[in-house]
There are 2 protein chains.
Amino acid sequence: MKTLTSRQKQILEFIDGFGRDHGYAPSIRDIVKGCAISSTSVVDYNLRILEREGLLRRDAEVSRGIVRLGQGRRGNRTIPVLGQIAAGFPIPVPAADTWATAIEGETVEVSHELTRGIEDVYALRVKGTSMIDALINDGDLVLMRSTNHADNGDMVAAWLKAEQEVTLKKIYFEGDQVRLQPMNATMSPIYSDAANVEVQGKVLGVIRQM
Amino acid sequence: MKTLTSRQKQILEFIDGFGRDHGYAPSIRDIVKGCAISSTSVVDYNLRILEREGLLRRDAEVSRGIVRLGQGRRGNRTIPVLGQIAAGFPIPVPAADTWATAIEGETVEVSHELTRGIEDVYALRVKGTSMIDALINDGDLVLMRSTNHADNGDMVAAWLKAEQEVTLKKIYFEGDQVRLQPMNATMSPIYSDAANVEVQGKVLGVIRQM
DNA sequence: TGTCTTAGAGAACGACTGTTCTACCGGAGA
DNA sequence: TCTCCGGTAGAACAGTCGTTCTCTAAGACA
C-alpha cells in the first residue's frame, strides 16, 4: 500500500468523525466543507484513491454511499439468550424456529473477537452455583457454539440421556466410554457410555457482570 | 408506546436489513421498493410515527439520514488492556498519559451493556491461577473501573502498601480495619489497617475466551 | 348521516449529491 | 524547453432524494 498523503488521512479521519457524530456517512460536499477543500472533484479524486487502497467502499450514484472498511469497525453480533442452564435441567438444542422466536427475547451483544466469526452461537444464563467448579458462577452468561461434535478436552454441554440431565464439563473420549471431567481436582469425573452422551454445544466463552 | 402496525414493523426490519447489507441507511425510495409500498409519502408518514416512538432518528433534508435507535445497536467500546495482574505485582492506576499510550497497544471491544456507560474503564489480563478462588482463571480478562472508592462487598483490586502487593478480593470496611474476603469459603480473609489499603479499581466484569 | 382519524396513493418541487469535463500549476524526466 | 503526471479548482449536468400538497378510502363515533 502506498503511503497516504496528509489530505487523504484528513479525509479518512473526517469520514470516521462524521460517522460517529451523525450515524451516517458524509456527502462529498460535507467533506469539502469539513476539510476546507475547494472543490468536490478533489474529494472525488482522493476518494477514488482511498477506495483503490481498500480503505473504503463507494456505491455508485448513491448519496452518502461511502462505507468505511478496515480496522475494528466490524460491529457487534447479537446473540440470543436461549434460556438458562442448571444441573438437571435440559437445554434445548436450538432449531431453526427456536432461533427465530428467541430473537424476540433477551439478547446480548458481543464483539466479533469473542465469537471469532462462528455462526451458530447462542448464550445461556447460568442458574445456581452448580457450575462453580468450572469457574462459572450464578448469573454468568456462557457463550455456546451449537454443535454435536467435540474434541478431547473441550468444555461442552453434555446431555446424559439416561440421567436426563445436562452438565457443563470437560469431555474426554476413552474408547467407547466418555469421561466428563469437572474442573475441580477434588471432584470425581463421571464415566458414561458413549451412546448415552450427546454433545449439545461447546463453550466459547464466559461473560460475567458484577 | 403504541403497538406498531405490521407495515411499521416491516419498514423497521427493512431498514435494519438494508443497513446490514449495504453499510448505510436506505433512502425513502429504497424503502418504497423494498416494502412494496406505492408512494414515498406513505413511507414518510410511517417514518414520522416511528420517529415519534423513538425507534429512529431522522435528519431533515439529509439523504439517507435515517439512524436506527433503540435495542442493542449502540456499538462497541474499545477498552485498553493496560497490563497483566498477578499476585504481588502492582497494577499502575492509569494516568491520563498512560491511557493515551495504552491505546496504541492491545485493546478489547466490549458492548455498552458490559460497561454500562461508565467512562474510566480499562482491562487487565490475569496471569497465573492465583485468582482462581474468585472464579477468575489464567488468561481471563477483567474489566476494571478506575476508582479509589469502593462500597462494602465490591470486588476490588486492592493495593496493600506494606506488603507491596495487589489482590483481587471482596472488600468490607469494619471500622478502621478492612477485611479482604476471598470468594472461597475455605480460605481465610485478610485483615488490614484501613490506611494500608488503597483501592485501585473495581471489577465490572470478567470475559473468558476458550 | 356527517365528521374526525388513520392509512395510503400519486405527483410535483426543489434541494441534495455524485459525476464529469475543462483548466491550472509545479515538479520530474527527457 | 517540452511533456507527463499528481494534485487542485470551478462549474455544469443529471440523477437521487426528502418534503409536501391533494385525493381517496375505511372505520369509529356521535
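Remember, it's a predicted structure, so these values are computed and weren't measured experimentally. Letters go in sequence order (proteins before strands), and every chain restarts at 1.
- Distances were taken from every side-chain heavy atom of A:Arg7 (C-beta onward) to each of C:dT19, D:dA9, D:dT19; the shortest belongs to D:dA9.
- Formation of a donor-acceptor pair under 3.5 Å by the B:Gln8 side chain with backbone atoms of B:Thr5 is found in this model.
- B:Asn196 pairs by the side chain to side chain contact (heavy atoms under 4.5 Å, CB included) definition with B:Leu160, B:Lys161, B:Ala162, B:Glu163, B:Ser192, B:Asp193, not counting sequence neighbours.
- Here D:dC17 presents its C1' atom at 15 Å from CD1 of B:Ile15, a figure rounded to the nearest Å.
- Across the protein-nucleic acid pair, B:Tyr45 atom OH and C:dT6 atom P stand 6 Å apart, rounded to whole Å.
- Computed from coordinates, the B:Asp44 CG to C:dA7 P distance equals 14 Å when rounded to whole Å.
- A:Arg64 has no side-chain polar atom (N or O) that falls below the 4.0 Å cut-off from OP1 or OP2 of D:dC17.
- Distances shown here put a side-chain N or O of B:Asn46 below 4.0 Å from the OP1 or OP2 atom of C:dG8.
- We find that CG of A:Leu47 is positioned 16 Å from C1' of D:dG6, with the value rounded to whole Å.
- The phosphate of C:dG18 has neither OP1 nor OP2 within less than 4.0 Å of any side-chain N or O from A:Arg48.
- Not counting sequence neighbours, the partners of B:Asp30 by the side-chain hydrogen bond (donor to acceptor under 3.5 Å, both in side chains) test are B:Ser27, B:Arg64.
- Whole-Å rounding puts the B:Ile66 CD1 to C:dC16 P distance at 18 Å.
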Pairwise N/O distances under 3.5 Å, protein to nucleotides 25-28 of chain C:
none

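- Nucleotide C:dT17 holds its C1' atom 11 Å from the CZ atom of A:Arg58, rounded to whole Å.
- In the set C:dA7, D:dA9, C:dG8, the nucleotide with an atom closest to the side chain of B:Thr5 is C:dA7.
- Remark: A:Arg57 pairs with A:Asp59, A:Val67, A:Leu69 by the side chain to side chain contact (heavy atoms under 4.5 Å, CB included) rule, at least two apart or across chains.
- With sequence neighbours excluded, the residues forming a side chain to side chain contact (heavy atoms under 4.5 Å, CB included) with A:Val32 are A:Thr40, A:Val43, listed by chain and number.
- Taking atom CD of A:Glu51 as the reference point, atom C1' of C:dT19 lies 14 Å away to the nearest angstrom.
- Under the side chain to side chain contact (heavy atoms under 4.5 Å, CB included) criterion, B:Arg48 pairs with B:Asp44, B:Arg58, not counting sequence neighbours.
- Of all nucleotides listed (C:dA7, D:dC17, C:dT19), C:dT19 comes nearest to the side chain of A:Glu61.
- With sequence neighbours left out, the salt bridge (Lys or Arg N to Asp or Glu O under 4.0 Å) criterion links B:Arg29 to no other residue.
- Not a single salt bridge (Lys or Arg N to Asp or Glu O under 4.0 Å) links B:Arg7 to another residue, sequence neighbours left out.
- Contacts of residues 26-41 of chain A with DNA chain C (heavy atom under 4.0 Å): A:Ser27, A:Ile28, A:Arg29, A:Thr40, A:Ser41.
- The side-chain heavy atoms of A:Ile11 and A:Leu50, taken from C-beta on, include a pair separated by under 4.5 Å.
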